[in-house]
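Computed from heavy atoms alone, side chains included, the values below leave out hydrogens, waters and symmetry copies.
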Amino acid sequence: MTRHIEFVNLCNFRDVGGYAAKDGRTVRWQRLYRADSLGWLAGEDLAAFRALRVRSIIDLRHPYEVEKAGRAPETEGQLYQNLPIEGRPWDVAAFSEELGVARYLADRYLEVTEDGVGNLKTALETIARADNAPVVVHCAAGKDRTGVLTALVLSLAGVSEDDIVADYALTGLATERFVADWTRRHPDAALWPGFGLAPAEAMRLFLTDLTARHGSVERYVTHVIGLPPDAVSELRGHLLTDQIQEG
């Protein structure tokens, strides 16, 4: 199966299937995708996207981003939810070379887990329902907000931390193109030194800190976000293969 799905105008569209879960099962392909802004879908990209038969789109951008850059073109019967999970604006001035990109990003992701609880719950409830799949989760770059939500989902599914970190870091393959496209579309924008980067250490620090705060990622999801146990079970039931492999 193909993890990276090529589009003309999108840089970072990926299938998150194929990862092994701790019980021996595997995340199903073609059930959950992660992406950068679907507002750029047009022409042959739109035809390719519709061929995936996506049922649900979770757009994690702020409403003003949707208004400015556009949302995914409407498709009859498709569920679209705009669920911004970022609360406080990023304080780019707080970044320093001494702090490092990874630590700076991890701190921003922790803020999302504090500020975005309500919409994170709605997003996870949507992903948990089998009849909503296939689902695409996206933001602007498919890196930060999308990375946080995807990490929560994969962790609930029982995927190892190493694989969650590796999945996040795959965005690095799209960084050069994304930055070039962003600069072309926003010629007057000032880019901070870590713009577009997805160092593996950022996700590892985030998962370590989230676990230190709450005991585990699953405990954060069930006790802070409030996702009920039956939703966790349904999520695992349809995102994971049926066959448990013998080790």
Side-chain angles (χ1 to χ4, degrees), residues 1-19 27-86 105 123 126-127 132-151 153-154 166-192 194-200 203:
M1 298 296 291
T2 301
R3 183 168 308 285
H4 292 82
I5 301 174
E6 296 296 326
F7 289 90
V8 175
N9 294 315
L10 304 185
C11 305
N12 197 21
F13 195 108
R14 310 202 302 268
D15 191 325
V16 298
Y19 293 114
V27 179
R28 293 181 186 273
W29 295 97
Q30 300 176 325
R31 301 294 285 177
L32 180 64
Y33 300 97
R34 56 180 297 167
D36 46 330
S37 176
L38 299 187
W40 304 117
L41 287 172
E44 60 185 271
D45 275 356
L46 186 54
F49 177 74
R50 286 177 173 159
L52 298 176
R53 301 185 183 278
V54 169
R55 290 184 181 177
S56 306
I57 294 172
I58 297 174
D59 185 342
L60 302 176
R61 296 174 299 165
H62 294 286
Y64 72 83
E65 294 176 273
V66 179
E67 182 177 356
K68 183 176 181 179
R71 52 152 288 181
E74 294 187 39
T75 298
E76 185 176 356
Q78 192 177 71
L79 173 66
Y80 171 85
Q81 294 172 295
N82 181 209
L83 301 172
I85 58 174
E86 209 172 60
L105 290 174
T126 299
I127 294 168
N132 284 333
V135 178
V136 177
V137 175
H138 83 94
C139 52
K143 176 174 80 78
D144 303 309
R145 292 164 286 187
T146 297
V148 169
L149 179 55
T150 302
V153 173
L154 291 179
D167 181 76
Y168 165 83
L170 284 175
T171 285
L173 298 176
T175 295
E176 184 176 355
R177 182 182 169 194
F178 174 78
V179 172
D181 285 355
W182 184 273
T183 302
R184 176 173 54 82
R185 291 167 177 155
H186 308 84
D188 298 324
L191 305 182
W192 67 285
F195 185 82
L197 298 181
M203 180 54 63

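Taking each heavy atom of Leu105 and Leu197 in turn, the nearest pair found is CD1-O, 3.7 Å. Contact detail for Thr2 and Asp15: the closest heavy-atom pair is O-CB, 3.9 Å. Annotation for Leu149 and Ala123: closest pair CD2-CB, 3.8 Å, computed over non-hydrogen atoms. The heavy-atom pair separating Ser56 from Gln78 by the smallest distance is N-CG, 4.3 Å. Contact record, Val16 with Val27: O-CG1, 3.6 Å, taken as the closest heavy-atom pair. Heavy-atom minimum distance, Ala35 versus Thr146: O-OG1, 3.9 Å.
Here the CD1-NE2 distance, from Ile58 to His138, works out to 10.0 Å after rounding to the nearest 0.5 Å. If you take CG on Leu83 and CD1 on Ile57, they are separated by 12.0 Å, rounding to the nearest 0.5 Å. Taken from CG in Leu32 to CG in Asn132, the straight-line distance is 11.5 Å, to the nearest 0.5 Å.
The closest side-chain heavy-atom distance from Thr183 to Val179 is below 4.5 Å. Taking 4.5 Å as the limit, some side-chain heavy atom of Arg3 sits within range of a side-chain heavy atom of Trp29. Between Gln30 and Pro134 there is no side-chain heavy-atom pair separated by less than 4.5 Å. Residues Tyr80 and Thr75 have side chains not in contact (no heavy-atom distance under 4.5 Å, counting atoms from C-beta outward). Looking only at side-chain heavy atoms (C-beta outward), Phe49 and Phe13 come within less than 4.5 Å of each other. Side-chain contact between Asp59 and Leu38 is absent, with no heavy-atom pair separated by less than 4.5 Å. A heavy-atom distance below 4.5 Å is not found between the side chains of Asp181 and Trp40. Between Arg71 and Asn82 the shortest side-chain heavy-atom distance does not fall below 4.5 Å.
Between Phe178 and Trp182, the ring-plane angle classifies as tilted under the 30° and 60° cut-offs.
Shown here is Arg50, whose CZ atom has more than 12 heavy atoms of other residues, nucleotides or ligands within 6.0 Å.
In this structure, Lys143 contributes its side chain and Gly196 its backbone to no donor-acceptor pair below 3.5 Å. Between the side chain of Arg14 and the backbone N or O of Asp167, at least one donor-acceptor pair lies under 3.5 Å.
When only modelled atom types and interatomic distance are considered, Thr171 and Asn12 share a side-chain donor-acceptor pair under 3.5 Å.
Remark: of the listed residues Arg145, Glu86, Lys68, Arg145 is the sole one forming a side-chain contact (heavy atoms from CB on, under 4.5 Å) with Arg61.
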Full working for side chain to side chain contact (heavy atoms under 4.5 Å, CB included) between Tyr168 and Thr150: CA-CA 8 Å; Tyr168 165 83; Thr150 302; over 6 Å; no

Pair His4-Leu170, side chain to side chain contact (heavy atoms under 4.5 Å, CB included): steps then yes or no: CA-CA 9 Å; His4 292 82; Leu170 284 175; 4.2 Å; yes

Leu191 vs His186, side chain to side chain contact (heavy atoms under 4.5 Å, CB included): CA-CA, chis, key distance, verdict: CA-CA 10 Å; Leu191 305 182; His186 308 84; over 6 Å; no

